[in-house]
Amino acid sequence: QVQLVESGGGLVQAGGSLRLSCAASGSIFRITNMGWYRQAPGKQREVVAIISSRTNYADSVKGRFTISRDNDRNTMYLQMNSLKPEDTAVYYCNAIVQSGNDQPYRSYWGQGTQVTVSS
């Protein structure tokens, strides 16, 4: 089994910054893609940024957010700058994990961390 634990959410004023972390633990042989998603009240979950051998960002966060990962620590980060009220949401991390050399890849989700940006 694999666990993903997010941290770093909170309340910040518009224009401020936050750094989210996602630590993966458990039966991990290999992690391919990792990503951040968010879900605002009354809206569907949407992708924010994904990192594999390259990075991809939603248009709404390009130039403001930076995704990175530390493969040695199985940890992913999301540096969020110039935050806007519309960035308010629960942020979830996702990882595609192989638990053994001959095991299938599975998708795992963290429990989410609240980010609130006040105007």
Side-chain angles (χ1 to χ4, degrees):
Q1 198 51 280
V2 174
Q3 298 80 40
L4 301 181
V5 178
E6 300 106 333
S7 60
L11 173 64
V12 64
Q13 287 188 331
S17 298
L18 283 174
R19 188 189 193 213
L20 305 183
S21 299
C22 172
S25 62
S27 300
I28 298 172
F29 176 73
R30 180 183 294 119
I31 301 177
T32 57
N33 290 12
M34 298 187 79
W36 289 99
Y37 295 73
R38 66 187 182 187
Q39 187 167 17
K43 295 187 177 181
Q44 290 188 332
R45 189 174 298 189
E46 62 177 6
V47 62
V48 175
I50 294 176
I51 184 168
S52 53
S53 58
R54 55 194 296 177
T55 57
N56 288 283
Y57 296 91
D59 288 342
S60 60
V61 306
K62 281 182 181 176
R64 300 188 297 123
F65 291 9
T66 302
I67 189 172
S68 61
R69 62 193 279 185
D70 183 337
N71 291 326
D72 291 337
R73 299 184 178 183
N74 290 328
T75 301
M76 174 179 62
Y77 306 95
L78 185 68
Q79 178 66 43
M80 304 185 294
N81 299 327
S82 302
L83 282 160
K84 304 175 181 180
E86 51 263 44
D87 294 318
T88 295
V90 178
Y91 284 69
Y92 298 90
C93 69
N94 174 264
I96 309 301
V97 180
Q98 189 184 29
S99 293
N101 192 32
D102 295 327
Q103 297 299 308
Y105 287 92
R106 289 192 168 91
S107 176
Y108 293 91
W109 292 90
Q111 81 288 351
T113 185
Q114 177 70 46
V115 171
T116 303
V117 184
S118 62
S119 57

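The nearest pair of heavy atoms linking L4 to A24 is CD2-CB, 3.3 Å. Contact record, Q39 with K43: NE2-O, 3.1 Å, taken as the closest heavy-atom pair. Taking every heavy atom of both residues into account, A14 and S119 meet most closely at CB-CA, 4.4 Å.
Partners of T116 according to the side chain to side chain donor-acceptor pair (under 3.5 Å) rule, which considers only residues two or more places apart in sequence or in another chain, are Q114. Under the salt bridge (Lys or Arg N to Asp or Glu O under 4.0 Å) criterion, R106 pairs with no residue, sequence neighbours left out. Considering only residues two or more places apart in sequence or on other chains, E46 meets the side chain to side chain donor-acceptor pair (under 3.5 Å) condition with R38. N71 meets the side chain to side chain donor-acceptor pair (under 3.5 Å) test with R69; sequence neighbours excluded. Checked against side chain to side chain donor-acceptor pair (under 3.5 Å), R30 has the following partners two or more places apart in sequence or in another chain: Q98, Y105. For E86, the salt bridge (Lys or Arg N to Asp or Glu O under 4.0 Å) test picks out no residue, with sequence neighbours left out. For the ring-ring contact (aromatic ring centres under 6.0 Å, His included) test, residues two or more places apart in sequence or in another chain that qualify with Y37 are W109.
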Working for side-chain contact (heavy atoms from CB on, under 4.5 Å), residues T88 and V115: CA-CA 5 Å; T88 295; V115 171; 5.9 Å; no
Candidate pair T113 and L20, rule side-chain contact (heavy atoms from CB on, under 4.5 Å), full reasoning: CA-CA 8 Å; T113 185; L20 305 183; 4.0 Å; yes
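In terms of modelled atom types and a separation under 3.5 Å, the side chain of N94 and the main chain of Y108 share a donor-acceptor contact.
Using a 4.5 Å heavy-atom threshold, the side chains of S99 and I28 count as separate. Using a 4.5 Å cut-off on side-chain heavy atoms (C-beta onward), I96 and I31 make no contact.
Evaluation of the disulfide (SG to SG under 2.5 Å) test over residues 5-93, restricted to residues two or more places apart or in two chains, returns C22-C93. Applying the salt bridge (Lys or Arg N to Asp or Glu O under 4.0 Å) test to residues at least two apart or on different chains, the pairs with a partner in residues 49-60 are D59-K62. Within the structure, disulfide (SG to SG under 2.5 Å) pairs that include any residue of residues 34-67 do not occur (at least two apart or interchain).
Cluster annotation: V90 is connected to I50 through the hydrophobic network of ILVMFWY side chains, with a link wherever side-chain heavy atoms come within less than 4.5 Å. Under a hydrophobic clustering in which Ile, Leu, Val, Met, Phe, Trp and Tyr are joined whenever their side-chain heavy atoms come within less than 4.5 Å, directly or via other members, Y57 and V117 fall into the same cluster.
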Can I get a per-line list of side-chain donor-acceptor pairs under 3.5 Å for residues 74-83, giving both atom names and the distance, sequence neighbours left out?
from, atom 1, to, atom 2, distance (Å)
T75, OG1, R73, O, 2.9
Q79, NE2, N81, OD1, 2.9
N81, OD1, S17, OG, 2.9

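The OH atom of Y92 sits 12.0 Å away from atom CH2 of W36, with the distance rounded to the nearest 0.5 Å.
In the hydrophobic clustering, where aliphatic and aromatic side chains (Ile, Leu, Val, Met, Phe, Trp, Tyr) are joined below 4.5 Å either directly or transitively, V5 stands alone.
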